[in-house]
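So that the names make sense, note that chain A is the first sequence line, chain B the second, and so on, each numbered from 1. Keep in mind the model is a prediction, meaning the values are calculated, not measured.
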Number of protein chains: 2
Amino acid sequence: MTTRSSTDAARVIPEATVARLPVYLRALTALADSGIRTCSSEDLATAAGVNSAKLRKDLSYLGSYGTRGVGYDVDYLRYQIAREIGVTQDWPVVIVGIGNLGHALANYSGFRSRGFRVVALLDADPGIVGQTVAGVVVRPFDDLEEIVREHDVAIGVIATPAVAAQDVADRMVAIGITSILNFAPAVVAVPEGVDVRKVDLSIELQILAYHEQRKANGADAAPATDGGAA
Amino acid sequence: MTTRSSTDAARVIPEATVARLPVYLRALTALADSGIRTCSSEDLATAAGVNSAKLRKDLSYLGSYGTRGVGYDVDYLRYQIAREIGVTQDWPVVIVGIGNLGHALANYSGFRSRGFRVVALLDADPGIVGQTVAGVVVRPFDDLEEIVREHDVAIGVIATPAVAAQDVADRMVAIGITSILNFAPAVVAVPEGVDVRKVDLSIELQILAYHEQRKANGADAAPATDGGAA
DNA sequence: AGGAGTTTGTGAACGCGGGAACAAAATGGA
DNA sequence: TCCATTTTGTTCCCGCGTTCACAAACTCCT
Ligand SMILES: NC(=O)c1ccc[n+]([C@@H]2O[C@H](COP(=O)([O-])OP(=O)(O)OC[C@H]3O[C@@H](n4cnc5c(N)ncnc54)[C@H](O)[C@@H]3O)[C@@H](O)[C@H]2O)c1
Ligand SMILES: NC(=O)c1ccc[n+]([C@@H]2O[C@H](COP(=O)([O-])OP(=O)(O)OC[C@H]3O[C@@H](n4cnc5c(N)ncnc54)[C@H](O)[C@@H]3O)[C@@H](O)[C@H]2O)c1
């Protein structure tokens, strides 16, 4: 049915590569915006902050879209990557939990420009339901099923407090959502076939703190005194 | 072999392990909050959403803090991990770019409870400077140096538009910040010795979209009935 | 046309991380 | 005291991902 390429059989793209494709896409868009029509793997790798060999290998999983001795056509490669990722059309997305973070997400213009469309904002708090955020009226959480069916939503965003995250995820899964982006600092368990990705500010900061501490101790050589082996 | 105390140098913790320690810490806090004093690696692994063998190996990099046949003392292990990460005291943090996202970050209570303290909010827009956000007055970006020196800040958060990210990062690095958490969808280059971690909503969504697309296309390529369930 | 220069695509080597499996250590009961 | 049970800490193995290095392919200049 879809653009089923005749040449490719069982093309499996490594997960690490998949995670970098959006970065390449962003870099290509930046290049295109500055009027550049063609670039080498070296150019693009620099813009994307990776090694050029890695970039070439990553792109090789998609196909041979470059020209030896020349490089890559920026627009063409950008389209190919967008197609591979699946963002040539917009994906409908629902956001659950319209608190501090939910407001910021609702107002985020980057959704639209990167292949996503927020079709609904949902919250369980009657005090928030009915408010207009970013031009969209917040609807009760119980409308989730109706909305998901109506817009054929496959991707849900959780921006509720941690205690509610698992419940919200369960409801999403029950209704047919198969991809979840979780901002709550909680591990959410989902059945096979459902993807969950997490964005956790505190974890990122703590990783930075760890390295920061090591930098400090490297000069200092004075780790905290340990209570000793009991 | 013998669990020499923590003052031993040469203890190199794999990056993948470092990234999971905060998750263990969170899980341990949750266990402690529900009154559990002791747990097995299996219990903790379940709470953290990982394999128990991996958990044990991760913890073994820190030392031998468990008791065979018994498990781990929740509070003790929690302290050890917190100490290893470096969050037994608070790290001062500055946030640059107090727009939609910056507001949400400023209002985020999770900073304080997880080892971080927001010492300043900065913005370049005179219309935003002087406003009070989360009880803190937004200061001009040019005050960065003064603030960093005064509070000995090592960690900076970038929540500006993408075009400003590199400039802000450069200023931060010049002033002595050595760890950056970047929310802007841009690759920021920094000198050796400075750590940058990125949080990118669009990338996460695009990764989900890729897999979502594969699930949809899988109908014509998938081998019979394994299809996602099971 | 042919050679020099460029740049891609990929084969191969290597190191890191994940997971199974097991020996070592601690508890508790007979 | 001694043995069965539990659970940790560690070893071994395998697969994935990164990087190097180079042949193939293309352009451009003479
Ligand atoms: N604010 C930040 O910058 C930030 C940063 C990182 C992580 N987080 C995490 O993101 C989540 C949201 O943070 P926040 O600051 O926006 O919190 P918040 O309390 O301001 O907002 C949470 C919203 O979720 C709604 N909610 C609660 N239970 C719900 C349920 N069962 N179904 C639907 N909606 C429900 C609440 O009514 C509220 O509007 C939290 O888990 C927080 O830890 C926030
Ligand atoms: N809003 C979201 O939910 C969201 C989600 C993901 C990523 N992001 C990214 O986070 C960043 C901020 O998003 P936002 O929605 O808050 O944008 P915003 O435009 O609302 O806020 C940006 C703020 O940065 C300030 N600023 C601009 N240049 C500056 C400079 N050189 N120095 C200091 N401050 C400067 C502006 O005055 C403004 O207050 C953007 O890069 C955006 O792509 C936002």
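In this model, no side-chain donor or acceptor of B/Lys57 finds a partner on the base of D/dT10 within 3.5 Å. Judged by distance alone with a 3.5 Å cut-off, a donor-acceptor contact links the side chain of B/Arg68 to the base of D/dT8.
When each of A/Glu84, A/Arg83, A/Arg78 is checked for a side-chain hydrogen bond (donor to acceptor under 3.5 Å, both in side chains) with A/Gln80, only A/Arg83 meets the rule. No option in A/Lys57, A/Lys54, A/Arg56 other than A/Arg56 meets the side-chain hydrogen bond (donor to acceptor under 3.5 Å, both in side chains) test with A/Ser41.
Atom CD1 in A/Ile13 sits about 16 Å away from atom C1' in D/dC16, given to the nearest Å. Between the OH atom of A/Tyr72 and the P atom of D/dC26 there is a distance of 14 Å, given to the nearest Å. Here D/dT10 presents its P atom at 19 Å from NZ of B/Lys54, a figure rounded to the nearest Å. B/Leu55 has its CG atom 12 Å from the C1' atom of D/dT7, to the nearest Å. The distance from atom CG of A/Asn51 to atom P of D/dT19 is 5 Å, rounded to the nearest whole Å. The nearest whole Å value for the distance from the CD atom in B/Glu42 to the P atom in D/dT8 is 9 Å. A straight line from CG of B/Leu62 to P of D/dT10 spans 12 Å, rounded to a whole angstrom. What separates CZ of A/Arg56 from P of D/dC22 is a distance of 14 Å, to the nearest Å.
When heavy atoms are screened at a 4.0 angstrom cut-off, B/Glu15 is found touching the sugar-phosphate backbone but no base atom.
The residue among A/Val70 and A/Pro14 whose nearest nucleotide of DNA chain D is located toward the 5' end is A/Pro14. Comparing A/Gly69 and A/Asp58 along DNA chain D, the residue whose closest nucleotide (by nearest heavy atom) sits nearer the 5' end is A/Asp58.
Between A/Phe111 and B/Leu205 there is a side-chain heavy-atom pair separated by less than 4.5 Å. A 4.5 Å side-chain heavy-atom check between B/Arg117 and B/Gln89 finds every atom pair outside the cut-off.
For DNA chain C, the contact window with chain A, defined by any atom under 4.0 Å from a protein heavy atom, covers C/dT6 to C/dA12 in 5' to 3' order.
Between A/Tyr61 and D/dC16, a side-chain N or O to OP1/OP2 separation shorter than 4.0 Å is absent. A/Arg20 has a side-chain polar atom (N or O) that falls below the 4.0 Å cut-off from OP1 or OP2 of D/dT18.
The CG atom of B/Leu181 lies 6.5 Å from the CD atom of A/Glu204; values are rounded to the nearest 0.5 Å.
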